[in-house]
Amino acid sequence: MPAQIEPFHAMAISRLAHQLKAEGRSIIHMEFGQPSTGAPQAAITRAHEVLDTDGMGYFDSIPLKTRLAQHYRDSYNVTVTPDQFILTCGASPALVLALSSTFSPKDRIALARPGYVAYRNVLKALDLVPVEIACGSETRFQLTAAQIAALNPAPAGVIIASPANPTGTIIDAAELQAIVTVCRERGIQIISDEIYHGLSYASPAHSILEFEPEALVINSFSKFFSMVGWRLGWLLTSRSHAARASAFAGNMFLTAPTLSQHAALVALDSQDELRSHVKVYAENRRLLLAALPSLGLNAIAPPDGAFYIYANIAHLTDDSLQFCETLLRDTGVATAPGIDFDPVDGKHFFRISFAASTDQILDAIARLKPWFAKISP
Ligand SMILES: Cc1ncc(COP(=O)(O)O)c(C=O)c1O
């Protein structure tokens with residue numbers, strides 16, 4: 001029997017939000033982490049040109065991989081070669097590819113709880129065993145080297161994410177180095193999800209490749225590059241793993257979308273426009289952080305990056321899904337229940353995405369204030 005996989009409960013909230021909208025209600029979508037902005041203008045222009053001139057067969061863009069290699073040199077001072085990149089339909093298949101080409105069935109893979117819902121579920125689907133480590137506010141909801149060192153027996157792999165979903169917290173350079181040291185000593189393969197790189201509000205996040213060239217990195221054009229629906233991402237393999245991962249990718253997925261590869265090449269050079277989005281998220285974050293205490297939400301993870309706030313609502317509910325549904329029905333503000341990210345403690349948390357426009361964030365705050373005042377003890 002294949003593994004039993006939990007649904008993504010935020011989808012149910014989103015469906016309800018769309019239903020309420022169809023009934024005429026005004027809805028603010030804060031349940032998913034997707035930019036409200038579209039692809040960079042130059043990428044859209046390039047896509048139009050390609051549509052008019054290219055038959056669009058299977059395509060595996062060497063210029064894009066070469067440009068990505070330069071991106072790693074510029075951003076992290078890391079040298080990688082174009083053949084280490086495997087282009088995928090977003091970070092989601094890059095995760096499947098990294099796991100399936102690296103581990104054997106029943107291998108144990110450590111990960112933080114709370115964490116992105118797909119890690120746990122994809123591991124189960126691939127007959128791997130998630131070893132979820134409870135990470136609370138004392139570790140800023142992130143895995144630490146000490147926690148990995150304490151696992152007995154050592155897992156075959158570990159998934160880290162910095163900035164993380166649902167918390168936005170970042171693992172600093174010293175801790176990344178310590179994680180690498182422990183994983184080398186114990187023979188643990190690191191998979192690093194760097195999809196929220198580019199979206200940080202203090203200092204930029206470090207890539208694991210600055211410390212460990214044997215780590216596997218997944219990333220995507222969905223978040224910083226604002227190209228969710230273009231479905232394009234990458235697995236950056238180590239040199240030793242590149243041929244094996246590429247054989248898996250060719251058989252499992254063939255190639256990534258041709259149009260998106262052409263557009264993404266241009267998006268990589270649209271930094272000014274993309275950075276202007278980050279300014280909007282920074283302002284949204286500032287407004288929400290200022291407003292949360294007046295909602296009685298004082299226990300939150302410090303959102304160093306990404307566009308999420310993960311807030312403790314234990315004083316208000318033991319059922320985060322019901323909480324998010326009532327919040328949506330009463331105010332029109334859609335959010336994600338903590339149970340998506342943490343099957344144990346997530347009943348006491350909800351996640352707010354601030355990837356919306358600043359006007360929407362202001363509107364949401366105005367709706368949330370009286371609602372929380374009404375329900376707060
Ligand atoms: C942490 C994390 N990793 C991976 C993904 C998958 O993104 P995509 O497949 O759109 O690149 C997401 C999506 O929200 C995410 O939050």
Side-chain angles (χ1 to χ4, degrees), residues 7-11 13-14 29-39 64 68 85-99 109 111-123 125 130 132 135 141-143 158-171 190-200 205 207-208 216-236 249 252-253 256-257 260-261 263-264 267 281 301 303-310 334-338 340-342 346 351-356:
F8 192 10
H9 297 285
M11 295 270 196
I13 296 291
S14 196
H29 287 281
M30 300 170 85
E31 73 276 35
F32 291 144
Q34 60 176 357
S36 51
T37 44
L64 178 57
L68 282 170
F85 289 92
I86 297 173
L87 301 173
T88 54
C89 299
S92 305
L95 175 68
V96 173
L97 184 56
L99 295 172
I109 313 297
L111 65 162
R113 174 173 65 74
Y116 177 49
V117 59
Y119 301 149
R120 179 176 4 114
N121 289 333
V122 170
L123 286 169
E132 292 189 284
C135 295
F141 299 92
Q142 280 285 8
L143 273 184
V158 61
I159 299 175
I160 58 171
S162 167
N165 179 5
T167 58
T169 58
I170 284 179
I171 307 177
I190 301 175
I191 314 259
S192 178
D193 184 347
E194 301 186 353
I195 189 168
Y196 292 105
H197 278 220
L199 300 174
S200 42
S207 171
I208 193 70
L216 303 187
V217 171
I218 68 174
N219 206 328
S220 161
F221 286 91
S222 290
K223 307 294 177 177
F224 173 71
F225 294 96
S226 196
M227 295 175 71
V228 173
W230 297 73
R231 305 310 300 136
L232 189 66
W234 65 91
L235 169 64
L236 174 47
M252 291 200 291
F253 309 123
S260 306
Q261 294 180 56
Y281 306 144
D304 309 318
F307 28 50
Y308 305 118
I309 290 175
Y310 194 56
T335 55
D340 270 336
F341 313 99
D342 181 340
R351 187 194 72 179
I352 307 170
S353 164
F354 54 85

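Counting from 1, the numbers follow the sequence of the chain as shown. Atoms within a ligand are numbered from 1 in the order they appear, just like the ligands themselves. What's counted below: heavy atoms across the whole structure, side chains too, no hydrogens, waters or symmetry copies. Owing to the predicted nature of the structure, the values given are computational and were not obtained by experimental measurement.
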- Query: What pairs with S14 under side-chain hydrogen bond (donor to acceptor under 3.5 Å, both in side chains), at least two apart in sequence or on another chain?
  - Reply: E31
- Query: Any donor-acceptor pair under 3.5 Å linking the side chain of Q261 with the backbone of L64?
  - Reply: no
- Message: F8: which residues meet the side chain to side chain contact (heavy atoms under 4.5 Å, CB included) condition with it, sequence neighbours left out?
- Response: A10, M11, F32, V117, D340
- Message: Within the structure provided, determine whether I13 and T335 are in side-chain contact (heavy-atom separation under 4.5 Å).
- Response: no
- Query: Under 3.5 Å, is there a donor-acceptor pair between the side chain of S220 and the main chain of I195?
  - Reply: no
- Task: Mind checking ring-ring contact (aromatic ring centres under 6.0 Å, His included) for F307 and listing every partner two or more places apart, or none if nothing turns up?
- Result: Y196, Y281
- Hey, which residues fall under 4.0 Å of ligand 1 on heavy atoms? G90, A91, S92, Y116, Y119, N165, D193, I195, Y196, S220, S222, K223, R231
